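Down below is the structure, laid out as structure tokens.
Values in this document were obtained by computation on a predicted structure and should not be read as measured data.
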Amino acid sequence: MKPDQVLLQYFHNLVDINKALNYVHHDAKFIAAFEEETDRHYFYGTYYGIEGVRTLLSKFQKDLDTQEFEIRKILADETTALAWGRFKHRIRPTGNMFVSYWAVVCEVEDGKIKYFRGFEDTGALEAAYRED
């Protein structure tokens, strides 16, 4: 499977963490917004391996009620895929909406995502978690 197909399958299976993890390399490195953990938000940081990615996806599943997820474009070569789009999530703890454009770069090895870095509007994420 080519990198764009792997990434698409990963995205399509995010509703079931175990299915999504089938597309994650055992030596994976996933970066959520910032490489280092920060007190700005508990999603941020680097997650390693299948169990690390399970932790990240569990955080998403707990807090994000996806209303819309649009993939605008995916570009790929033999080892890398780039994608971008837009999403809208209701934040379960606050009920606020988090709307952002997003971008992802990933590297695929042996048909699984080995490196994944996501970009989004972190200011909008942090604001959506604040109680009004």
Side-chain angles (χ1 to χ4, degrees):
M1 204 176 324
K2 293 184 178 186
D4 55 333
Q5 296 167 322
V6 173
L7 183 59
L8 273 174
Q9 287 302 311
Y10 171 78
F11 283 149
H12 289 291
N13 284 286
L14 281 173
V15 294
D16 182 332
I17 290 174
N18 289 319
K19 286 183 181 178
L21 291 173
N22 288 330
Y23 299 94
V24 175
H25 195 279
H26 67 276
D27 287 329
K29 177 179 179 179
F30 276 52
I31 300 171
F34 301 99
E35 289 184 33
E36 302 298 322
E37 290 182 21
T38 173
D39 60 0
R40 289 178 53 190
H41 199 278
Y42 83 108
F43 286 172
Y44 302 159
T46 302
Y47 298 81
Y48 295 97
I50 291 172
E51 289 310 308
V53 176
R54 180 187 306 279
T55 297
L56 176 62
L57 296 181
S58 295
K59 290 176 182 181
F60 292 165
Q61 191 174 61
K62 176 181 169 272
D63 281 12
L64 304 178
D65 179 15
T66 302
Q67 306 294 303
E68 296 174 18
F69 184 82
E70 177 187 355
I71 299 169
R72 295 254 170 113
K73 187 89 164 183
I74 296 182
L75 303 173
D77 63 17
E78 293 305 312
T79 60
T80 306
L82 304 169
W84 60 90
R86 182 180 175 277
F87 59 64
K88 181 192 280 188
H89 301 294
R90 180 174 309 285
I91 303 301
R92 287 189 173 103
T94 64
N96 294 333
M97 296 304 294
F98 168 39
V99 180
S100 177
Y101 288 94
W102 59 267
V104 166
V105 59
C106 76
E107 295 175 2
V108 173
E109 184 177 297
D110 300 326
K112 297 185 183 239
I113 300 170
K114 189 166 184 182
Y115 175 83
F116 182 102
R117 182 157 196 166
F119 303 89
E120 61 193 34
D121 183 345
T122 57
L125 172 67
E126 293 163 24
Y129 272 82
R130 286 193 286 274
E131 297 286 344
D132 292 332

Quiz item: Are F98 and F87 close enough, and set up right, to give a ring-ring contact (aromatic ring centres under 6.0 Å, His included), and what steps lead you there?
Solution: CA-CA 8 Å; F98 168 39; F87 59 64; 5.1 Å; yes

Quiz item: Roughly how far apart are L14 CG and T66 OG1, rounded to 0.5 Å?
Solution: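 Going from CG on L14 over to OG1 on T66, the span is 8.5 Å.
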
Exercise. Kindly compute the distance separating NZ (K88) from CE (M97), expressed to the nearest 0.5 Å.
Key: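 Reported value, rounded in 0.5 Å steps: 5.0 Å.
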
Quiz prompt | Whether F11 and W102 hold their rings parallel, tilted or perpendicular, with breakpoints at 30° and 60° | solution =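 Taking W102 first and then F11, their aromatic rings stand perpendicular (interplane angle over 60°).
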
Exercise. Only one of D63, L64, D65, N96 passes side-chain contact (heavy atoms from CB on, under 4.5 Å) with R90; say which it is.
Key: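 The single option meeting the side-chain contact (heavy atoms from CB on, under 4.5 Å) with R90 is D65.
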
Do [X] and [Y] have side-chain N/O donor and acceptor atoms under 3.5 Å apart?
{"X": "K59", "Y": "Y47", "answer": "yes"}
{"X": "R54", "Y": "N18", "answer": "yes"}
{"X": "Y44", "Y": "E126", "answer": "yes"}
{"X": "D27", "Y": "Y115", "answer": "no"}

Quiz prompt | Partner set under salt bridge (charged side-chain N to carboxylate O under 4.0 Å, His left out) for E107, not counting sequence neighbours | solution =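 If we apply the salt bridge (charged side-chain N to carboxylate O under 4.0 Å, His left out) test to E107, skipping adjacent residues, there are no hits.
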
Self-check item: Residues which pass salt bridge (charged side-chain N to carboxylate O under 4.0 Å, His left out) with E35, listed by chain and number, not counting sequence neighbours
Solution: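 Once residues adjacent in sequence are excluded, the partners of E35 under the salt bridge (charged side-chain N to carboxylate O under 4.0 Å, His left out) criterion are R117.
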
Quiz item: Taking the six-membered ring where the residue is Trp, are the ring centres of F119 and Y101 under 6.0 Å apart?
Solution: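 They do not qualify: ring centres at least 6.0 Å apart.
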
Quiz item: Centres of the Y10 and F116 rings: under 6.0 Å?
Solution: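 So the answer is yes for these two rings.
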
Self-check item: E37 atom CD: more than 12 heavy-atom contacts under 6.0 Å
Solution: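 It does not: E37 CD has 12 such atoms or fewer within range.
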
Practice problem: Identify the heavy atoms of I113 and L7 that sit nearest to each other, and give their distance. | Solution: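 Heavy-atom minimum between the residues: CD1-CD1, 4.3 Å.
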
Quiz prompt | Nearest heavy-atom neighbours spanning A83 and I74 | solution =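 What the structure gives for the nearest pair is CB-CG1, 3.7 Å.
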
Exercise. Would you please name every residue forming a side chain to side chain donor-acceptor pair (under 3.5 Å) with D4, sequence neighbours left out?
Key: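 Checked D4 against side chain to side chain donor-acceptor pair (under 3.5 Å); zero matches.
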
